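Single-structure report; data block below.
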Protein chains: 2
Amino acid sequence: MTSARSRKSGRAGDDRAERGIPEATVARLPVYLRALTSLSDGDVATASSADLATAAGVNSAKLRKDLSYLGTYGTRGVGYDVNYLRYQIAREIGLTQDWSVVIVGIGNLGRALANYSGFASRGFRLAALLDSDGARVGEVIGDLKVSAVEDLEAVVRDNAVAIGVIATPAEAAQDVCDQLVSAGVSSILNFAPAVLVVPDHVDVRKVDLSIELQILAYHEQRKAQELGALEAGAV
Amino acid sequence: MTSARSRKSGRAGDDRAERGIPEATVARLPVYLRALTSLSDGDVATASSADLATAAGVNSAKLRKDLSYLGTYGTRGVGYDVNYLRYQIAREIGLTQDWSVVIVGIGNLGRALANYSGFASRGFRLAALLDSDGARVGEVIGDLKVSAVEDLEAVVRDNAVAIGVIATPAEAAQDVCDQLVSAGVSSILNFAPAVLVVPDHVDVRKVDLSIELQILAYHEQRKAQELGALEAGAV
DNA sequence: AGAAGTTTGTGAACGAGAGAACAAAATCGT
DNA sequence: ACGATTTTGTTCTCTCGTTCACAAACTTCT
């Protein structure tokens, strides 16, 4: 991803956190957060790394090492205080503040995303829904009205939008992306099956149904082949 | 993922392909495939690794190494025959055969997925849409009617379904997953925000909007902090 | 208080992936 | 026919990520 391996630590003497969590760890923090929330809802006050690891579906050593990048929030012989750790992870991820999000492209998928309740619940606020199709502009989804994509720049400016979600057809994706970037959005979640080109300071993550299915198909085929070879060997 | 590092090569003397493509490469093959398809549609007959790499958004050395795992399909001094390579990748992934897919959970997201045209186009056939809510059973989406989740086993058996898509709420995910597995599905694409526990022979891939947003938020926050430190330093 | 039992945090070994660099193999021009 | 040019396939090195294993630190029991 966007390398950011500069400045070891902001000010001198501030090396307990040593800014710079490995990407693989960052990707797992939200999973830990979810596991912690679920434990907390079940009124569990304390959990060991082994408990957390099973709840998150990972190896306990990995979990401990991941958490150690944030600081030393556990107690030896005891485990982790669920609510305290939950807060620390949330803070590290940046969920103690709210993030404004726009969705561009209100087709089937965009509509589903707009209705997704998990948005607001976890520190993400839908600032606007945009579409280039005049027929869709004005449609009301949830508590938002679909706006014209021409309003993009104003919406981003007025709501301090940092994250843009692209749910357009592939052909429109790069164009929308360019508009988002030039309006000042620096994080993009791309659902369109297209490769996006962006400046260095912009982060892009992609979600691609068809790629996921193809990866599964590869493994599925491989399993079938192996089975075939096994049977052939048995003859 | 599910390790499958057994048997070096099926039969003796069959070591050109040397079964066992790195996972990271497998995840990129669909991207290459898409790039090739788009070149092919533009009537490009031949492409160099550099051309393909830019179209796929990767480094050309990486692309060449990835392709070398499949065999030697290029010609030095020339490049790759677009259609030939496309076929080879499709074959390797397993797209020369059709895969039957079921979607379980026909809420907003499930409906959007069911309407997604990219399904059929690329070797994936929707065998059924299932939901546990009686009110949704019978609803017609595209050219399919929503069935009751009780029909799962029969549908999987009759259509040789290998891939299941879970688009239910988190609470129902593990239960649906267990049903899929016991019906014989061995690849699962999970859209529910839940950790699934499955036997070793089953592959699971997850797609999680909220995790993706949180990862973006982390980086976004980090960028903001860095900027802050910079300004503070300038004072 | 001290021994026994737990559980974290981390050093070290190992494995997988990325990228640079270059020899081998093809085409093209003369 | 042969040298110049292009572009692949692959080796080597480096970085990143995972896992093991264990000392340090805490609790509990006697």
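Just so it is clear, the model here is predicted, and its values are computed rather than measured. Chain letters run A, B, ... following the sequence lines, proteins first and then strands; every chain starts at 1.
For D/dT19, its base sits under 3.5 Å from the side chain of A/K65 at one donor and acceptor pair at least. Side-chain N/O atoms of A/R76 and base N/O atoms of C/dT8 include a donor-acceptor pair closer than 3.5 Å.
In this structure, the OH atom of B/Y73 is 17 Å from the P atom of C/dA26, given to the nearest Å. Atom CG in A/D81 sits about 15 Å away from atom C1' in C/dT7, given to the nearest Å. Atom C1' of nucleotide D/dG9 and atom CG of B/L63 are separated by 12 Å, given to the nearest angstrom. In this structure, A/E23 atom CD and C/dA18 atom P are separated by 13 Å, rounded to whole Å. For the pair B/D66 CG and C/dG17 P, the computed distance is 10 Å after rounding to whole Å. Atom OH in A/Y69 sits about 11 Å away from atom P in C/dG11, given to the nearest Å. Atom NZ in B/K62 sits roughly 21 Å away from atom P in D/dT13 (whole-Å rounding).
Side chain of A/D178 to main chain of A/D175: no donor-acceptor pair is present (N/O by atom type, distance under 3.5 Å, no hydrogens or angles).
Here B/N59 does not reach the OP1 or OP2 of C/dG17: none of its side-chain N or O atoms lies under 4.0 Å away. For the pair A/Y80 and C/dT6, the criterion of a side-chain N or O lying under 4.0 Å from OP1 or OP2 is not met.
Rounded to the nearest 0.5 Å, atoms OG (B/S187) and CD1 (A/I215) are 11.0 Å apart. The distance from the CD atom of A/E92 to the CG atom of A/L33 is 12.0 Å, given to the nearest 0.5 Å. A distance of 9.5 Å separates NE2 of A/H219 from CD1 of B/I21, quoted to the nearest 0.5 Å. The distance from the CD atom of B/E220 to the CG atom of A/D203 is 7.5 Å, given to the nearest 0.5 Å.
The residue among B/R64 and A/V78 whose nearest nucleotide of DNA chain D lies closer to the 5′ end is B/R64. Along DNA chain D, the nucleotide closest to A/T75 and the one closest to A/P22 are compared, and the more 5′ of them pairs with A/P22.
Non-hydrogen atoms lying under 4.0 Å from DNA chain C are contributed by A/S48, A/S49, all within residues 48-56 of chain A. Contacts of residues 28-46 of chain A with DNA chain C (heavy atom under 4.0 Å): none.
Annotation for A/H201 and B/K223: closest pair O-NZ, 3.1 Å, computed over non-hydrogen atoms. Among all heavy-atom pairs drawn from B/Y116 and A/P193, the shortest one is OH-CG, 4.5 Å.
The nucleotide whose nearest atom lies closest to any side-chain atom of B/A24 is, among D/dT10, C/dG9, C/dA18, C/dA18.
A/I211 places a side-chain heavy atom less than 4.5 Å from the side chain of B/R34.
Of the charged side-chain nitrogens involved, none lies within less than 4.0 Å of a carboxylate oxygen, so that A/R125 and A/D98 do not count as a salt-bridged pair.
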